[in-house]
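Below, chains carry the letters A, B, ... as their sequence lines are ordered, and counting in each starts from 1.
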Amino acid sequence: MWQGGILKMINFIQNIINEDKKTDKYEDRVHTRFPPEPNGYLHIGHAKSICLNFGIAIANGGLCNLRFDDTNPSKEDTEYVDSIKKDVKWLGFDWDDRLFYASDYFEKMYDYAVQLIKKGKAYVCELTPQEIREHRGTLTQPGRESPFRNRSIEENLELFEQMRVGTFPDGSRVLRAKIDMASPNINMRDPVLYRIIKAAHHRTGDKWCIYPMYDFAHPISDSIEGITHSICTLEFEDHRPLYDWLLNCLEIFHPQQIEFARLNITNTLMSKRLLRQLVEEGHVQGWNDPRMPTISGLRRRGYTPEAIRDFCERIGVAKSNSVVDISLLEHCIREDLNAKAPRVMAVLRPIKVIIDNYPEDKVEWLEAENNSQLPEMGTRQLPFSREIYIEDEDFMEEPTKKYFRLSPGNEVRLKHAYIIKCERVIKDESTGKILEIHCTYDPNTRSGDDTSGKKVKGTIHWLSVQHAMPAEVRLYDYLLLDDQDEEKEGENEERDEADSFIANLNPKSLVKLTNSVVEPSLADGEKGSGYQFLRQGYFCVDIQDTSGEKIVFNRVVSLRDTWAKIEKANKS
RNA sequence: UGGGGCGUCGCCAAGCGGUAAGGCACUGGACUCUGACUCCAGUAUUCGAAGGUUCGAAUCCUUCCGCCCUAGCCA
């Protein structure tokens with residue numbers, strides 16, 4: 001398994017662990033867990049948590065469990081547990097035999113609840129949800145005690161038993177902790193521990209009709225598993241007193257909860273709810289649409305586990321809310337693919353070039369290196385002939401300054417082949433559209449044995465027309481337009497959020513090119529494998545839509561494009 | 001308005017009383033049969049603000065300001 005640069009990982013959580021080791025708090029043991037709820041697909045925010053939890057364990061010679069937090073049968077499904085397992089594995093982490101479910105502990109949790117009742121620390125409450133809310137008070141006003149708060153232990157025991165056997169309808173009773181209705185921390189105002197949900201659970205079926213709340217299930221699950229450091233996100237900070245209270249009352253092994261800031265990335269949605277909305281409203285093709293920040297989406301897009309792990313390492317772990325620039329993610333995948341992707345030629349938007357002085361029927365097979373930086377990646381043969389395609393961007397009839405690609409009278413090098421010179425352009429008389437470009441080549445300039453001594457500024461990629469293989473190429477861009485920080489006026493916040501995020505969707509997040517051509521060597525490109533299309537970017541063979549008759553490439557990320565910056569600067 | 005948390009370069013982020021790491025982005029330049037990669041160089045006298053303690057403060061104290069979370073029988 002991956003050991004990465006993780007051993008160097010320094011963050012405030014590691015500092016806490018170092019301190020715990022010094023004081024022998026957990027007998028030098030480090031045991032973490034990744035606790036997803038199986039109610040959706042994992043996204044890159046979860047990857048941060050996965051890398052953190054497994055990474056901390058690895059770095060400290062400890063263990064990390066995979067535990068499904070499945071305490072709400074109405075939202076959860078095995079479809080999600082399967083995808084989550086797959087994603088965690090794909091990211092490169094291994095839970096060995098430590099795959100657990102909170103539902104494994106339902107019986108024990110029930111016993112602990114009974115213990116709480118026996119200690120006079122919990123009671124069955126018959127207030128309606130509405131009434132409970134009213135009794136809770138507000139941020140500034142203390143709550144009021146439930147009229148059911150001081151029932152006898154015997155009565156509570158009996159009622160709780162009745163809840164379990166299904167005597168009462170959904171929502172009619174709950175088990176509540178008896179803490180303090182006047183606590184400034186609302187989580188301590190007699191929080192609900194158990195509720196009645198008569199729904200089939202994906203693992204326990206209809207064995208139960210009462211289910212523990214997160215606040216009850218989580219500390220107990222952690223304790224049962226001997227977790228030492230229970231790492232969660234910032235919004236649970238206010239729940240920590242309750243976490244501690246329960247463990248203290250129950251007098252069982254006491255892990256420590258540590259909170260860190262969740263991941264946010266520019267131009268990217270990171271909420272399960274909104275991602276689900278994208279899927280359900282058809283703005284994307286599914287959870288694994290290559291534009292989605294889900295692990296499955298990134299995988300299909302062509303991101304590698306190495307790049308995602310590297311990213312998670314680089315962003316760091318802290319407690320301040322932050323938004324990481326997506327350019328860092330892009331840098332990580334470029335860096336990884338640069339080191340391993342074979343280079344290949346593809347013409348995305350072809351325009352035909354005819355080399356007038358090249359024999360009509362001749363085909364030359366030129367040797368091309370697969371990666372100029374890694375000779376060990378070998379070479380391949382490339383067919384060259386009289387008619388070729390070049391990228392339409394690589395020709396400009398009236399070149400701007402600093403443009404050193406093909407233009408009338410100008411010479412460029414064809415990568416791995418000859419230097420050609422543009423002689424004339426043939427256009428459609430009515431539309432003015434360029435139909436073909438006529439060039440001549442210099443036979444003394446063949447790559448590898450150039451005897452001309454010529455130096456040209458530009459090198460462009462090309463493909464022999466008769467050998468080019470058609471392909472569909474999908475260019476992806478950010479799902480969201482630039483983050484607009486326009487402040488919404490107070491009212492209707494919910495609505496505004498949903499609406500504004502739909503309005504902020506990038507209409508050009510997917511551009512399908514159906515006239516692209518690629519090298520014949522790509523005919524047997526394996527699904528999912530990544531390439532660098534020379535001068536353009538990194539692409540991978542789409543795992544879903546590629547078939548016997550059609551090969552589809554996804555653009556993972558473009559190459560850095562200095563020329564685009566120059567052009568942009570020229571215009572402004 | 002109660003409680004909790006956070007505020008170090010455009011974006012992340014080290015730093016924990018001894019005089020501001022690193023990464024991304026950006027800007028120059030070198031190299032280049034990918035305007036890619038790589039390589040050099042540059043970029044916070046300043047750490048939300050104001051006071052105070054100290055020989056010395058981003059680090060300690062005080063006050064203030066800003067942002068986030070929190071009133072689910074969701075997690």
Side-chain angles (χ1 to χ4, degrees), chain A residues 10-12 15 35-37 39 69 71-72 74-75 125 127-129 132-134 136-143 170-176 183-189 191-197 210-211 213-215 217-218 232-241 259 261 265-266 272 311 313-332 334-335 338-339 343 345 369 371-373 402-405 412-417 419 445 447-448 450 455-461 532-537 558-567:
Chain A
I10 294 167
N11 55 51
F12 79 99
N15 290 341
E37 183 189 13
N39 70 342
D69 214 343
T71 57
N72 187 346
S74 59
K75 294 189 170 182
C125 181
L127 256 23
T128 65
I132 287 185
R133 197 174 315 128
E134 287 161 7
R136 188 151 34 220
T138 68
L139 295 178
T140 50
Q141 295 167 309
D170 280 22
S172 62
R173 329 257 139 136
V174 291
L175 182 72
R176 289 229 253 169
S183 172
N185 180 344
I186 293 189
N187 294 302
M188 300 297 271
R189 320 239 260 228
V192 172
L193 266 21
Y194 263 92
R195 71 300 208 187
I196 300 169
I197 302 175
I210 55 172
Y211 292 91
M213 297 285 289
Y214 167 88
D215 283 324
H218 213 86
C232 63
T233 44
L234 250 29
E235 67 271 27
F236 292 105
E237 223 153 9
D238 291 343
H239 295 239
R240 195 171 63 226
E259 311 84 9
I265 303 179
T266 56
K272 267 189 197 173
F311 173 74
E313 225 171 284
R314 290 183 191 233
I315 55 178
V317 180
K319 295 194 70 159
S320 61
N321 289 311
S322 56
V323 184
V324 175
D325 197 307
I326 196 164
S327 65
L328 180 58
L329 216 211
E330 296 176 337
H331 172 265
C332 290
R334 281 193 188 109
E335 188 171 85
N338 177 51
R343 268 109 248 231
M345 294 205 283
E369 53 210 352
N371 187 329
S372 56
Q373 280 153 80
K402 290 279 198 83
Y403 183 85
F404 31 80
R405 278 113 98 155
V412 292
R413 158 140 251 134
L414 295 176
K415 178 74 178 174
H416 300 309
I419 289 178
T445 58
S447 290
D450 185 325
K455 276 272 183 185
V456 291
K457 278 288 233 179
T459 298
I460 64 174
H461 56 96
Q532 185 195 102
F533 284 4
L534 231 50
R535 303 208 306 130
Q536 307 195 98
S558 66
L559 253 28
R560 280 189 63 218
D561 192 350
T562 308
W563 171 242
K565 281 177 200 157
I566 296 171
E567 265 191 318

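Distances were taken from every side-chain heavy atom of L328(A) (C-beta onward) to each of A71(B), C24(B), U34(B); the shortest belongs to C24(B). Each of C73(B), A75(B), A36(B) was ranked by its minimum atom distance to the side chain of Y214(A); first place goes to A75(B). Distance from the side chain of S320(A) is smallest to C6(B) among U34(B), A75(B), C6(B). Listed candidates were C12(B), U1(B), C24(B). Nearest to the side chain of T140(A) is U1(B). For I315(A), whose side chain is taken as the heavy atoms from C-beta onward, the closest listed nucleotide among A71(B), C12(B), C74(B) is C12(B). Minimum atom distance to the side chain of N15(A) is reached by G15(B), of the listed G2(B), A75(B), G15(B). Which of U34(B), G35(B), C74(B) sits closest to the side chain of T562(A) comes down to G35(B).
For T459(A) (side chain) and R413(A) (main-chain N/O), no donor-acceptor pair under 3.5 Å exists by modelled atom type. In terms of modelled atom types and a separation under 3.5 Å, the side chain of R535(A) and the main chain of M345(A) share no donor-acceptor contact.
A close approach under 4.0 Å does occur between a side-chain nitrogen or oxygen of R195(A) and OP1 or OP2 of A75(B). In this model, the phosphate group of C74(B) is not approached by any side-chain N or O of K272(A) to a distance below 4.0 Å at OP1 or OP2. Residue H331(A) places at least one side-chain N or O closer than 4.0 Å to OP1 or OP2 of C24(B). Phosphate contact (OP1/OP2 of A25(B), side-chain N/O of R314(A), threshold under 4.0 Å): absent. A close approach under 4.0 Å does occur between a side-chain nitrogen or oxygen of R136(A) and OP1 or OP2 of G72(B). Side-chain nitrogen and oxygen atoms of R560(A) include at least one within less than 4.0 Å of the OP1 or OP2 phosphate oxygen of C37(B). An OP1 or OP2 oxygen of G35(B) is reached within less than 4.0 angstrom by a side-chain nitrogen or oxygen of R535(A). At C74(B), none of the side-chain N or O atoms of T71(A) fall inside 4.0 Å of OP1 or OP2 (strictly under the cut-off).
Annotation: side chain to side chain donor-acceptor pair (under 3.5 Å) contacts of K272(A) (sequence neighbours excluded): N39(A). For Q141(A), the side chain to side chain donor-acceptor pair (under 3.5 Å) criterion is met by T138(A), not counting sequence neighbours.
The distance from atom CD of E335(A) to atom P of G23(B) is 11 Å, rounded to the nearest whole Å. Between E235(A) atom CD and C6(B) atom P the separation is 15 Å, expressed in whole Å. In this structure, I186(A) places its CD1 atom 16 Å from P of G5(B), rounding to the nearest Å. C74(B) atom C1' lies 10 Å from atom NE2 of H239(A), rounded to whole Å.
Each of I132(A), L127(A), I196(A), I210(A) was scored for a side chain to side chain contact (heavy atoms under 4.5 Å, CB included) with V174(A), with one residue passing: I132(A).
Here E37(A) lies in heavy-atom contact (under 4.0 Å) with sugar-phosphate atoms only. Counting non-hydrogen atoms under 4.0 angstrom, L127(A) reaches a base of the nucleic acid. Within the 4.0 angstrom heavy-atom criterion, only backbone atoms of the sugar-phosphate kind lie near K319(A); the bases stay farther away. Contacts of K565(A) with the nucleic acid, taken as non-hydrogen atoms under 4.0 Å apart, involve only primed sugar atoms and P, OP1 or OP2. When heavy atoms are screened at a 4.0 angstrom cut-off, Y403(A) is found touching base atoms of the nucleic acid. Residue-level contact check: R133(A) touches the backbone only, with heavy atoms under 4.0 Å from sugar-phosphate atoms and none from bases.
Remark: the separation of the C1' atoms in C73(B) and A21(B) is 50 Å, to the nearest Å. Nucleotides C24(B) and C67(B) are separated by 32 Å at their P atoms, to the nearest Å. C37(B) and G66(B) have their P atoms separated by 44 Å, given to the nearest Å.
A donor and an acceptor atom sit less than 3.5 Å apart, one in the side chain of Q532(A) and one in the base of U34(B). Within 3.5 Å, a donor on the side chain of D238(A) pairs with an acceptor on the base of G3(B), or the reverse.
Look at G72(B): its glycosidic torsion is within 90° of 0, and that puts it in the syn range.
Between E259(A) and R240(A) a salt bridge is recorded (basic side-chain N to carboxylate O distance below 4.0 Å).
Nearest-nucleotide positions on RNA chain B for D325(A) and I566(A) put D325(A) closer to the 5' end. The nearest heavy atom of RNA chain B to T128(A) and to D561(A) marks one nucleotide each, and the one closer to the 5' end goes with D561(A).
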May I have the step-by-step check of side chain to side chain donor-acceptor pair (under 3.5 Å) for N185(A) and S183(A), ending in yes or no?
CA-CA 5 Å; N185(A) 180 344; S183(A) 172; 5.4 Å; no
